Amino acid sequence: MLKQRIENIVRDALAKSLEQGKLGQLETLPDSVAVDLPKNPEHGDKAISIAMKLSKEAKIAPRMIAEAIAAELGSEIFSKVDIAGPGFINLTLNWDLLEESIAEIFSLDLDYGRIAKNDRADKSFETVIVEYVSANPTGDLHLGHGRQAVLGSALVDLLRWAGYDASSEFYINDAGVQMGKLAASARQAILIKAGELEESGYDAENNYPLAAMKEILFDEKWQAIDNQDLSSVTADDCGKIAKEIFLESQKEILKVAGTEFECWYSELENLHQGETTKVDAICQKMLEAGIAYENEGALWFKATEFGDERDRVLRKTDGYYTYLAADLAYHQDKLSRSDKLINLWGADHHGQIPGVMGALEALGEDPKRLEIVLMQMVSLTKGGEEVKMSKRTGNFVTVRELIEEVGVDAFRYFLLESQPNNRIVFDLELATKQDKDNPVYYVQYAHARCCGILRNLTEKQVDQTELPGNTLAVADGIMTEAELDHYFKAFTSATGLYSRAFANLNPEQHKSTKALILALLNFPEEVKDAAASYSPYKIANYIKELAALFHQFYTHNRVINDDAELMKARISLVAASQKVLRNGLGILGITAPERM
RNA sequence: GCGCCAGUAGCUCAGCUGGAUAGAGCAACUGCCUUCUAAGUAGUAGGUCAUAGGUUCGAAUCCUAUCUGGCGUACCA
């Protein structure tokens, strides 16, 4: 990786300067050396600010440190080394190095940007389970779930790219109060359908909206009870069927949304089965460890001793376990299967964090193994007015409806581009426009443009110089496919092509070419960074930026032209751009169209 | 009240492990299609980075306080 290489060279230079006593009173070398992309391209290709950072400890002026380092940098891969401002070291990379680095994109191709397992940023874990959505199987998925779905699936892919063994998991919350409510709702709806109950008799106060129940009554799964006497059909029977229907519907729409789960973990089947259930076991364990106690018929976790603001109930006076108790059993189960856990939660659940973290710590687990990513709400506006969503009244926009309106790519991009900490205001009018205002097209178009150029190199072109009376002339492609293929295969090491081809660029061409190359070479670093903070949105930002740089390059640099070397050098950048955009979009689960 | 999150251009948001002149997109205005897709691009205009202090060579970024908004504060999930 380019950045790593530069970092090593700077580190060596730093070590030599230290040996020679040029670093004042500095005694030890810093752990890391930041290699940045300067904001202003006139400041070179890479910038290093380490001299300023060391100046205090060394007790000498930053420029003196910078000069000492610069003197040891050598000229092998840098065509220019400048010291500027208070003590920045600005590096200009030579064309051969850039050519060599771009060639790496060709040899790695589909895997360019992928971090090897041994190079992963955080060595404290290798396997990681990302749990997300985890909705109750009692209705359709709403936009909040949608946000979790796209972020979670992108995060799993991102983590895999960054060298981790990641898997996705959906916790099916199919036990407890909500399921009882679903069962009652379903049974009453069935009775209404059979004419044995008046609609006015529906317990709308305590049940799910009747309208939502009616919608699932036509599912063929109800055949199971069709021939039975309804008086012998229990609410439980109905609840099971309703749950299956909702679960299947959720699975289907999640798949449409580009989200796959390795594991569907049923709370009911995994945590509440057997003589001694997993939940029983964990409560027993907590009692024995003295971190739980009985009081007024309920079982409490001593959460206050572990950082929470109050103690938490594990088992209610009615004998049922709380969500927390089951969740703890679930987390312990996950911890036995993976080094690291990441949970995606709606921000409205943040109050539970101290309880879960505290309990895991109390149980002797390392709380650092659990990372909880909070996602703020998604709200809807239509023409500037907020659309109130309420599950109770059935007035909410579902994932299904939105995808139908805007398409999966736009849906994913909209929900992925901003960071989880920010609320998303989803403008229905804007999203349904489905035109160029939609940012996803900007990135996809850049990719399609790359493909178009590569296609034009080999495809037969219609010559547009149409003369009156003449038929259209058809010109052969510039290269045959075999030639292009051969060229790509040969492009695996520096041959001095860039230094010859890019020698006489005008300022705009030089600037746009350089900027594109540097951005392309930064991709692996972007993957590493984004994964380290569990932030797929950073990849979305990066590819948007890359798309912009490609469009600028395209505007200033005619790819197909008479200068064979210049053309080849530019083709390599078009092909490299195509590969990086494709890989980046792939991480986000967004398609990379070849034509638009 | 207490806790969490946010406040950057008219709107939607980047930039936040401190770095050089705070950036995009949309909206407004002016240009660029007989040449690889104009779903593009070049430019103009638009900012007390919520406010006030502090930390230091340097703060949108870190600390403290205040203001505004969202969320949470259950023997619900």
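Numbered from 1 within each chain, the chains take letters A, B, ... in sequence-line order. The shown structure was predicted, so the numbers you read here are calculated from the model rather than taken from an experiment.
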Give one of base, sugar-phosphate or nothing for [X], where a contact means two heavy atoms less than 4.0 Å apart.
| X | value |
| --- | --- |
| A:A446 | nothing |
| A:Q352 | base |
| A:K39 | sugar-phosphate |
| A:H551 | sugar-phosphate |

Base of B:G72 and ring of A:H349 stacked, centres under 5.5 Å, planes under 30°: no

Side-chain-base donor-acceptor pair under 3.5 Å for A:H350 and B:G3: yes

Under 3.5 Å on both distances, the Watson-Crick or G-U partner of B:C4: B:G70

Closest to side chain of A:A84, choosing from B:A20, B:C36, B:G19: B:A20

N/O (side chain, A:N421) to phosphate O (OP1/OP2, B:A6) under 4.0 Å: yes

Side-chain N,O (A:R449) to OP1/OP2 (B:A38) below 4.0 Å: yes

Torsion-based syn/anti label for B:C13, 90° from 0 as limit: anti

NZ or CZ of A:R449 within 45° of A:F550 ring axis and under 6.0 Å: no

